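Just so it is clear, the structure is predicted and the values come from calculations on it, not from any experiment.
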Amino acid sequence: MAPVTDRATGAIIAAISVSVVLFSYLLIKHHPKERSRNNTKPFSVPKRSPKNGVVGAIGNTPLIRINSLSEATGCEATSRFSIFLCFQISCSTYGLLILGKCEFLNPGGSVKDRVAVKVIEEALESGKLVEGGVVTEGSAGSTAISLATVAPAYGCKCHVVIPDDAAIEKSQILEALGAHVERVRPVSITHRDHYVNIARRRAAQANELALKRKTEEQLCVGDLEQINGHIYGGETQDSFLSNCEGGFFADQFENLANYRAHYEGTGPEIWEQTGGHIDAFVAAAGTGGTVAGVSRFLQEKNPNVKCFLIDPPGSGLFNKVTRGVMYAKEEAEGRRLKNPFDTITEGIGINRLTQNFLMAKLDGAFCGTDREAVEMSRYLLRNDGLFLGSSSAMNCVGAVKLAQSIGPGKTIVTILCDNGMRHLSKFFSSEYLSQYNLTPKATGLEFLESR
């Protein structure tokens, strides 16, 4: 016969085990994430009536669970952070949720569609742009494509100045959309021939030409020759800019319409689609509009939502957020290549503070590498069927690093900016990647670094 003390100990252990299992079941059953799973469309946007043209189709993009990353980080979190059995059971059931906002499903193929609409509408309302005018912009690609996509819907044209090291398919898309494309060599923003500065000049030139044409029509119409009822004034400037009703420089880096597009659109959509159950947000910054608008909105809704930056190689924003000093280590050592920052990712990373970025409310930052971005893009393609561009891949790198730092049971949201179709000649080119020793070779998430 077993001693009484053994029977008592066994009974106590059995009671504790039953209690732990019961507690875990109740915790899981009533957890908001678990309740949301009973909804067949937990992150879908309610059905709406047909959209009003291409502009009406912009925004309200789906928020999806990135399955492979949610499951991988959930398992890692369980083994790394769990202490009690009940915590292990609950984590293994729902772990972490990493959600991606599918901005690549916008009509123009990227998150920049929102910015293009906001910039043009505000310019038209203010009178700085009129129907028949030309919108000019200096862009590495996505904003330019979005402007070229929506400008015709407002009766406007688009002139784009793009660095000649951007993926060639971006300028090809722009030309197919009817935009006038000017490719220039990459130089510092302080140089007068930086692509942004050239775009600013092109808008001013369009305004000067429009004013000159109107003045000539008013003052010299009596001296012009009439042929078949039409008036001709001899030689005319046969150029894209001279045939427009003035110009407007979109100025995506400094124009706060960029920030407002995300504060009024992307942020509220994320809040609605998660039902307010969001713990953290992470994204990279180029102009800074997305991370600023979304972070400020979410933290105004709930100050406990943590917002983070993921920064590519050479960009100074990581140092600014974490140390308060705007510089990159590579620059401090005097090692700069032809670009303002040394990365193969396009559209993110910068070495100055824009007016848009200054609106951001950030709790911290992570560093990402080109290899991490390349490997992440292939990992998501293999495991989730997600064909993403370089900035989207870097955002997912940030989401995993954030997940590893804050532990299990959290909901993290990031932005899937665009897909891989406009990155074929560089980011998805085996030949191009091999030049930089970036040929992908990982099978799991072992490529992720600690920073």
Locate the shortest heavy-atom distance separating [X] from [Y]; write the atom from each residue and the value.
{"X": "Ala284", "Y": "Ile348", "result": "CB-CG2, 3.7 Å"}
{"X": "Phe104", "Y": "Leu386", "result": "CZ-CD2, 4.5 Å"}
{"X": "Leu438", "Y": "Ile344", "result": "CD1-CD1, 3.7 Å"}
{"X": "Phe297", "Y": "Gly267", "result": "CD2-C, 3.4 Å"}
{"X": "Ser425", "Y": "Glu169", "result": "OG-OE1, 2.7 Å"}
{"X": "Cys158", "Y": "Ala144", "result": "SG-O, 4.3 Å"}

Task: Partner residues of Gln252 under the side-chain hydrogen bond (donor to acceptor under 3.5 Å, both in side chains) criterion, sequence neighbours left out - done: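 Listed in chain order: Thr143.
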- [ ] For Ser429, enumerate each residue passing the side-chain hydrogen bond (donor to acceptor under 3.5 Å, both in side chains) test, keeping only those at least two apart in sequence or located in another chain.
- [x]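 Listed in chain order: nothing, the list is empty.
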Open item on the list: With side-chain hydrogen bond (donor to acceptor under 3.5 Å, both in side chains) as the criterion, how do Glu182 and Tyr195 come out once you've worked through the C-alpha distance, each side chain's angles and the decisive distance to 0.1 Å?
Closed with: CA-CA 9 Å; Glu182 188 176 350; Tyr195 60 94; over 6 Å; no
Rounded to the nearest 0.5 Å, what separates atom [atom1] in [X] from atom [atom2] in [Y]?
{"X": "Ser146", "Y": "Lys112", "atom1": "OG", "atom2": "NZ", "value": "8.5 Å"}
{"X": "Thr369", "Y": "Asp311", "atom1": "OG1", "atom2": "CG", "value": "12.5 Å"}
{"X": "Thr190", "Y": "Arg352", "atom1": "OG1", "atom2": "CZ", "value": "10.0 Å"}
{"X": "Ser70", "Y": "Asp384", "atom1": "OG", "atom2": "CG", "value": "8.5 Å"}
{"X": "Arg378", "Y": "Thr443", "atom1": "CZ", "atom2": "OG1", "value": "15.5 Å"}

So, [X] side chain and [Y] main chain: donor-acceptor pair closer than 3.5 Å or not?
{"X": "Arg213", "Y": "Cys244", "result": "yes"}
{"X": "Asn106", "Y": "Gly108", "result": "no"}
{"X": "Asn351", "Y": "Gly316", "result": "yes"}
{"X": "Ser188", "Y": "His191", "result": "no"}
{"X": "Asn207", "Y": "Gly247", "result": "yes"}
{"X": "Asn356", "Y": "Asn255", "result": "yes"}
{"X": "Asn197", "Y": "Ile189", "result": "yes"}
{"X": "Asn395", "Y": "Ala283", "result": "no"}
{"X": "Thr354", "Y": "Thr287", "result": "yes"}
{"X": "Gln273", "Y": "Thr61", "result": "yes"}

Task: Trace of the side-chain contact (heavy atoms from CB on, under 4.5 Å) decision for Ile98 with Leu402 - done: CA-CA 10 Å; Ile98 294 181; Leu402 176 55; over 6 Å; no
For the residue pair [X] and [Y], establish whether any side-chain heavy-atom pair is separated by less than 4.5 Å.
{"X": "Ser392", "Y": "Ile415", "result": "no"}
{"X": "Val54", "Y": "Pro107", "result": "yes"}
{"X": "Val374", "Y": "Thr439", "result": "no"}
{"X": "Val325", "Y": "Lys320", "result": "no"}
{"X": "Leu380", "Y": "Leu69", "result": "yes"}
{"X": "Val196", "Y": "Phe249", "result": "yes"}
{"X": "Glu103", "Y": "Leu416", "result": "no"}
{"X": "Thr345", "Y": "Asp370", "result": "yes"}

Open item on the list: Go through it in stages, so that I can follow the logic: the residues are Ile412 and Asp279, the test is side-chain contact (heavy atoms from CB on, under 4.5 Å), and I'd like the CA-CA distance, side-chain angles, deciding distance and then a yes or no.
Closed with: CA-CA 6 Å; Ile412 296 170; Asp279 298 290; 5.8 Å; no
Open item on the list: Leu129 vs Val135, test: side-chain contact (heavy atoms from CB on, under 4.5 Å). Steps then yes/no.
Closed with: CA-CA 8 Å; Leu129 175 66; Val135 181; 3.7 Å; yes
I'd like to know if [X] pairs up with [Y] as an ion pair, taking the criterion as any Lys NZ or Arg NE/NH1/NH2 lying under 4.0 Å from an Asp or Glu carboxylate oxygen.
{"X": "Arg371", "Y": "Glu449", "answer": "no"}
{"X": "Lys128", "Y": "Glu122", "answer": "no"}
{"X": "Glu269", "Y": "Arg114", "answer": "yes"}
{"X": "Arg201", "Y": "Asp193", "answer": "yes"}
{"X": "Glu71", "Y": "Arg65", "answer": "yes"}

Contacts of [X] that satisfy ring pair (Phe, Tyr, Trp, His ring centres under 6.0 Å) - sequence neighbours left out:
{"X": "Phe427", "answer": "none"}
{"X": "Phe447", "answer": "none"}
{"X": "Phe308", "answer": "Phe366"}

Open item on the list: With a sphere of 6.0 Å drawn around CD of Glu131, does it hold more than 12 non-hydrogen atoms of other residues, nucleotides or ligands?
Closed with: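 No.
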TODO: Count the heavy atoms belonging to other residues, nucleotides or ligands that lie under 6.0 Å from NZ of Lys361, then report whether that count exceeds 12.
DONE: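 Enclosed.
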Task: Tyr154 and Glu121 side chains, donor-acceptor separation under 3.5 Å - done: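 Yes, because at least one side-chain N or O of Glu121 sits under 3.5 Å from a partner of the opposite role on Tyr154.
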TODO: State whether a side-chain donor-acceptor pair under 3.5 Å links His262 with Thr290.
DONE: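 Result is yes, a qualifying pair exists.
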Open item on the list: Would you say the rings of Phe387 and Phe428 are close, in the sense that their centroids are separated by under 6.0 Å?
Closed with: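 When the ring centroids of Phe428 and Phe387 are compared, they turn out to be within the sub-6.0 Å range.
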TODO: Using the side-chain hydrogen bond (donor to acceptor under 3.5 Å, both in side chains) rule, take Arg183 and Ser171 through it: C-alpha gap first, then chi angles, then the decisive distance, then the call.
DONE: CA-CA 8 Å; Arg183 292 174 66 88; Ser171 59; 3.0 Å; yes
Task: salt bridge (Lys or Arg N to Asp or Glu O under 4.0 Å) pairs, two or more places apart, involving residues 419-432 - done: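 Matches after skipping sequence neighbours: Glu346-Lys426.
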Open item on the list: Between Glu300 and Tyr263, does the side-chain hydrogen bond (donor to acceptor under 3.5 Å, both in side chains) criterion hold? Intermediate values first, please.
Closed with: CA-CA 10 Å; Glu300 286 180 5; Tyr263 179 82; 2.5 Å; yes
Open item on the list: Does Leu177 form a side-chain contact (heavy atoms from CB on, under 4.5 Å) with Thr149? I'd like the steps, not just the answer.
Closed with: CA-CA 7 Å; Leu177 289 169; Thr149 299; 3.7 Å; yes
Task: Stepwise side-chain hydrogen bond (donor to acceptor under 3.5 Å, both in side chains) check, Gln299 with Asp363 - done: CA-CA 10 Å; Gln299 292 201 354; Asp363 296 283; 2.8 Å; yes
